[in-house]
Structure formats: C-alpha cells, structure tokens
Visitor: 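Can you keep this structure in mind? I'll have questions shortly.
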Protein chains: 2
Amino acid sequence: MKTQLKKGTLDMCVLAVLAQADSYAYELVSKLSQGMEISEGTIYPLMRRLQNESWVSTYLVESSSGPSRKYYKLTEAGRLELATMRQEWQEFVAEVENVLRDDPAASTEGTLQ
Amino acid sequence: MKTQLKKGTLDMCVLAVLAQADSYAYELVSKLSQGMEISEGTIYPLMRRLQNESWVSTYLVESSSGPSRKYYKLTEAGRLELATMRQEWQEFVAEVENVLRDDPAASTEGTLQ
DNA sequence: CAAGATACCTTGTATAGCAAGGTATCTTTC
DNA sequence: GAAAGATACCTTGCTATACAAGGTATCTTG
C-alpha cells in the first residue's frame with residue numbers, strides 16, 4: 001500500500017547494505033526484509049540498473065547449499081553515488097518535514113478527539 | 001532528477017498545507033514550491049485523486065485578479081487520512097534511516113577523501 | 001525420485017510525477 | 001479596443017519504479 005514511498009529509496013538502501021559487505025540478490029531481499037518490505041520482483045531489475053550505472057560489479061560464487069550466487073560488490077563510483085543519494089535523501093526528508101511542521105496537527109497532543 | 005523520491009509524499013504535503021487553510025491548486029503549487037519542486041502537471045491530477053477519495057471538497061470563489069478559483073477544503077476523512085499518512089511516513093523514514101545507519105559511511109567524518 | 005529450499009530471472013500491470021501544450025479570464029498599456 | 005501578460009484551469013503522453021505472478025535450475029534430504 002505504501003509502495004509509492006519506496007520509489008527511489010531502494011537503490012540507496014541496497015547500496016548501503018553493499019557498503020557493509022558484498023552480497024547477492026536473494027540475500028539482499030532477506031536482509032532488507034528485516035526492516036522493510038521488498039520483493040524479488042523488485043530486486044532483480046534494480047540490481048541490473050545498479051550494474052548498468054557501474055555502481056556495482058559482480059562475481060559468481062558457488063554455493064554448497066544451492067545454485068551459484070551472483071555476488072554484487074560496491075564500486076568506487078557506487079560509493080560516491082551512495083554518498084550523493086544520502087545527501088539528497090536527507091535534504092528531501094527535511095523538505096517534507098518542513099511542510100509537515102507547519103501543519104497545526106503536527107504536535108499530536110490531543111488534536112484528535 | 002530526484003523525482004522518484006516524491007512519489008507518495010506529495011498528497012500528504014498537499015493535505016498538510018490544506019490543514020492550515022483552504023487553497024486552490026495554483027496557489028498550492030506556489031506555496032509548496034517554496035520548499036520543494038512541484039509542477040502544475042502534477043498538482044491537477046493529484047487534486048482530482050484527493051477529491052475522488054473524498055479527502056477534500058471543493059468550492060468556487062471568484063477572483064478579482066483572474067478567473068475563478070477552485071478552492072479545496074480538507075474533509076474530516078482527509079484529516080484522518082493525513083494523520084495516517086504522517087504515521088506511515090515517519091515509520092518509513094525510520095526504516096530507511098535504520099538501513100542507512102548500519103552503513104559505516106553513515107558517520108560522515110573523514111570518510112570521503 | 002519427489003519435495004522443498006535456494007537462487008536466478010522475466011513479463012505485465014499499476015502508479016505517480018512531469019514536460020509540454022492548450023483554454024479562459026482579467027488587468028494593464030498603448 | 002487590440003495586444004500582452006499574469007492568473008487560473010486542465011489534458012495528453014512519457015518515464016520510472018515497485019510488485020505480483022510465473023518460470024527455470026540447482027542442491028539437499030527423505
């Protein structure tokens with residue numbers, strides 16, 4: 001239902017996770033699913049986009065518990081992009097909060113009966 | 001460029017502005033444009049959506065400086081919806097910040113050369 | 001070998017923001 | 001009173017992205 005809110009933030013989230021450690025799509029879904037909803041149908045096109053932008057590189061690793069994993073590694077360009085996205089995200093949140101702040105109902109103290 | 005980030009937040013922003021005072025689309029654009037970018041091509045379909053959801057009602061007011069203005073007034077349902085959106089927004093921001101927090105580069109101290 | 005988990009992927013749909021373009025009204029200026 | 005500019009409304013077509021649904025292949029376990 002609040003799927004629109006995610007638009008544009010998921011790539012940043014993925015890059016942030018990859019900034020910690022290399023990972024593969026299937027694992028990224030389960031990692032991110034701890035805090036937010038994200039589905040497989042979202043992650044694979046997304047990873048292709050990140051790769052097309054050269055923000056990640058890939059390598060295959062054979063697994064002992066299933067098919068080979070396609071690992072993604074953050075590139076230097078990806079690291080810079082993540083920093084940019086972080087900044088834009090914070091600016092955007094500040095803008096929205098600024099609009100919300102002017103709303104009298106912002107101070108949620110007894111405004112709703 | 002960061003147009004994706006706005007997806008799903010603009011209706012909340014509009015409702016928040018209307019929570020302060022009734023307004024019309026053209027004025028809403030200029031009000032919101034103080035803090036964020038939003039265009040006319042966005043606002044009119046958006047206002048129709050809000051109206052279809054019965055979150056706003058409308059009335060015409062003749063202007064002394066141009067054509068009649070279609071004012072939008074927040075309904076009670078709209079007020080409730082705004083509260084819900086606020087909450088979902090805050091939850092969503094918290095989720096994203098949570099993912100970002102785990103990123104070592106989060107503490108922006110000397111991480112970039 | 002059947003079932004289930006792991007892991008990859010694609011197709012089609014819905015949504016929302018925006019640029020570009022169009023119309024009508026009202027005031028001002030010449 | 002014609003032209004120009006601001007005000008105010010609106011629509012069409014494009015784009016991006018998230019997701020459900022479906023499909024394939026691999027490996028383990030019973």
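Computed from a predicted structure; not experimentally measured.
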Visitor: Report, as a single string ordered 5' to 3', how protein heavy atoms within less than 4.0 Å touch nucleotides 15-23 of chain C: B base, S sugar-phosphate only, - not at all.
Guide: BBSBBB---
Visitor: Quick one, B/M12 and A/V99 - any side-chain contact, counting heavy atoms below 4.5 Å?
Guide: no
Visitor: Answer yes or no: does atom CD of A/E97 have more than 12 heavy-atom neighbours from other residues, nucleotides or ligands under 6.0 Å?
Guide: yes
Visitor: Could you encode protein contacts along nucleotides 25-30 of chain C as a string, one character per nucleotide from 5' to 3', using B for base contact, S for sugar-phosphate-only contact and - for no contact, with a heavy-atom cut-off of under 4.0 Å?
Guide: BSS---
Visitor: In whole Å, I'd like the distance from the CD1 atom of A/I43 to the P atom of C/dT11.
Guide: 19 Å
Visitor: What's the CG-C1' distance between A/L5 and D/dC19, to the nearest Å?
Guide: 15 Å
Visitor: Please determine whether a side-chain nitrogen or oxygen atom of B/K70 lies at a distance below 4.0 Å from atom OP1 or OP2 of D/dC10.
Guide: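 For D/dC10, OP1 or OP2 has a side-chain N or O of B/K70 closer than 4.0 Å.
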Visitor: C/dC8 P sits how many Å from A/R69 CZ, rounded?
Guide: 8 Å
Visitor: Quick one: do B/V61 and B/L74 end up in the same hydrophobic cluster if we chain Ile, Leu, Val, Met, Phe, Trp and Tyr together by side-chain heavy atoms under 4.5 Å apart?
Guide: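 B/V61 clusters together with B/L74.
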Visitor: Between B/R48 (CZ) and D/dC10 (C1'), how many Å, whole number?
Guide: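 So the CZ-C1' distance, B/R48 to D/dC10, works out to 8 Å.
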Visitor: I need the NZ-C1' distance between A/K2 and C/dA14, as an integer number of Å.
Guide: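 The distance from NZ of A/K2 to C1' of C/dA14 comes to 19 Å, rounded to the nearest Å.
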Visitor: Please tell me if A/Y44 has a side-chain N or O lying less than 4.0 Å from either OP1 or OP2 of C/dC8.
Guide: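 Yes.
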Visitor: State whether a side-chain donor-acceptor pair under 3.5 Å links B/R49 with B/N52.
Guide: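 No, because no side-chain N or O of B/R49 sits under 3.5 Å from a partner of the opposite role on B/N52.
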Visitor: To the nearest 0.5 angstrom, please state how far the OG1 atom of B/T9 sits from the NZ atom of A/K7.
Guide: 12.0 Å
Visitor: Mind calculating the distance between CD (B/E27) and C1' (D/dA6) to the nearest angstrom?
Guide: 15 Å
Visitor: Got a sec, which residues hit ring-ring contact (aromatic ring centres under 6.0 Å, His included) with A/F92, two or more places apart in sequence or on another chain?
Guide: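 In terms of ring-ring contact (aromatic ring centres under 6.0 Å, His included), with neighbours along the sequence ignored, A/F92 is linked to no residue.
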Visitor: Between C/dA24 atom P and B/Y26 atom OH, what is the distance in whole Å?
Guide: 18 Å
Visitor: Any side-chain donor-acceptor pair under 3.5 Å between A/S39 and A/T42?
Guide: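 There is such a pair between these side chains.
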Visitor: Among B/Y59, B/Y71, B/Y44, find the residue that satisfies the ring-ring contact (aromatic ring centres under 6.0 Å, His included) test when tested with B/Y24.
Guide: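 Filter result, single survivor: B/Y71.
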Visitor: For the pair made of CE in A/M47 and C1' in D/dA18, what is the distance, rounded to whole Å?
Guide: 15 Å
Visitor: Side-chain N or O of A/Y24 versus OP1/OP2 of C/dC8: is the shortest distance under 4.0 Å?
Guide: no
Visitor: Can you name the nearest heavy-atom pair linking A/S65 to A/S63, along with the distance?
Guide: N-OG, 2.9 Å
